[in-house]
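Position 1 is the first residue of the sequence; numbering continues from there.
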Amino acid sequence: MAKKKCPDCPECMPEWLAAFGDLMSLLLCFFVLLLSMSTMDAKKVEEAMGSLAGAMSVLEGGTMSEVSHKRIQIATPVEETTETDDQVNKIQEAVSEMNEMQQKGHGPEVTLEDAEAGFVIKLPSSLLFKAGSATIDSEDALLFLKRISLLVDNMPNDIDLSVRGYTDDLPPGKDSPYKNNWELSGARAISVLQELILDGVNPARISAAAFSQYHPLATNATKE
């Protein structure tokens with residue numbers, strides 16, 4: 001009895017095609033992830049599709065795009081802060097040297113603090129003025145202000161100065177020429193302002209403000 005001939009087995013998919021299909025799937029997942037993490041400009045995508053349709057005839061229904069000067073992007077200039085930072089560091093050095101001098105005489109401390117719009121130098125009133133007075137009578141304070149003015153003069157012209165005067169919660173006193181703490185704090189701010197101008201600071205870059213006894217650094221509960 002003749003045996004039946006075994007039918008030919010169908011040819012299987014080549015091994016390289018399976019690997020190629022896996023690679024394409026991975027690439028598709030990769031580009032989908034990139035697309036999900038990016039932001040797209042619908043107008044730009046439409047113009048790109050239109051360009052392909054017109055130049056390569058690979059897409060249908062595209063919109064032809066033209067070069068438009070209005071779509072040129074303007075980059076925000078990067079501000080150079082190296083010079084300003086260097087000047088601030090020099091001011092910090094001046095503050096440190098001033099504090100070393102004050103520590104020898106057990107005097108008050110000058111501080112330099114960062115602020116939202118720049119930095120703040122705080123000089124204790126006892127370093128500059130006597131009680132109820134707005135006259136700067138300390139040679140160390142005058143030398144410090146002169147050094148600060150020289151450093152400020154080397155800073156960019158768009159950096160302005162605001163001199164702010166304060167007092168404690170005690171009235172100026174009977175012998176004081178000032179009626180109240182508003183006048184005293186304003187006079188103190190103007191005294192420092194005028195000294196900085198005499199030392200070379202451009203008057204157009206500086207202003208003065210008075211805060212009287214308000215916004216105190218401490219509670220005023222004790223003399224210290």
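- Using a 4.5 Å heavy-atom threshold, the side chains of V152 and R205 count as touching.
- For residues 207-218, the pairs satisfying side chain to side chain donor-acceptor pair (under 3.5 Å) are N181-Q213, with sequence neighbours left out.
- In terms of heavy-atom proximity, A189 sits nearest to V163 at O-CG1, 3.4 Å.
- Taking CG of L145 as the start and CG of D199 as the end, the distance is 7.0 Å to the nearest 0.5 Å.
- V192 is connected to I197 through a chain of hydrophobic side-chain contacts under 4.5 Å among Ile, Leu, Val, Met, Phe, Trp and Tyr, so both are in one cluster.
- Hydrophobic cluster membership is shared by I206 and F119, with clusters built from Ile, Leu, Val, Met, Phe, Trp and Tyr side chains linked at under 4.5 angstrom.
- If you take OG on S149 and CG on N202, they are separated by 12.5 Å, rounding to the nearest 0.5 Å.
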Exercise. Under the side chain to side chain contact (heavy atoms under 4.5 Å, CB included) criterion, do K122 and V110 qualify, and how do the steps go?
Worked result: CA-CA 6 Å; K122 294 183 178 179; V110 180; over 6 Å; no
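- Counting only distance, with no hydrogens or angles, the side chain of N180 and the backbone of E183 share a donor-acceptor pair below 3.5 Å.
- The ring pair (Phe, Tyr, Trp, His ring centres under 6.0 Å) analysis of residues 136-171, with sequence neighbours excluded, yields the pairs Y166-F211.
- When the side chains of ILVMFWY residues are joined at heavy-atom separations under 4.5 Å, either directly or via intervening members, F20 and L27 end up in a single hydrophobic cluster.
- One hydrophobic cluster, built from ILVMFWY side chains closer than 4.5 Å, holds both V201 and I159.
- For K130, there are no side chain to side chain donor-acceptor pair (under 3.5 Å) partners two or more places apart in sequence or in a different chain.
- One finds the CG atom of L170 at 11.0 Å from the CG atom of L184 (value rounded to the nearest 0.5 Å).
- Side-chain atoms of S133 come within 3.5 Å of backbone N or O of T135 as a donor-acceptor pair.
- Contact check for R188 versus T167: side-chain heavy atoms found under the 4.5 Å cut-off.
- Among residues two or more places apart in sequence or in another chain, the side chain to side chain donor-acceptor pair (under 3.5 Å) test is passed with R147 by E97.
- How far CG of L23 is from CZ of F30: 12.0 Å, rounded to the nearest 0.5 Å.
- The closest donor-acceptor contact from the side chain of S185 to the backbone of W182 lies under 3.5 Å.
- Taking CG from L161 and CD1 from I121, the interatomic distance works out to 8.0 Å, rounded to the nearest 0.5 Å.
- The salt bridge (charged side-chain N to carboxylate O under 4.0 Å, His left out) pairs that include a residue from residues 155-179 number zero, where partners must be two or more places apart or lie in different chains.
- Interatomic distance, CZ of F129 versus OG of S191, reported as 5.5 Å (0.5 Å rounding).
- Listed by chain and residue number, Q194, A208 satisfy the side chain to side chain contact (heavy atoms under 4.5 Å, CB included) test with I190 (two or more places apart in sequence, or in another chain).
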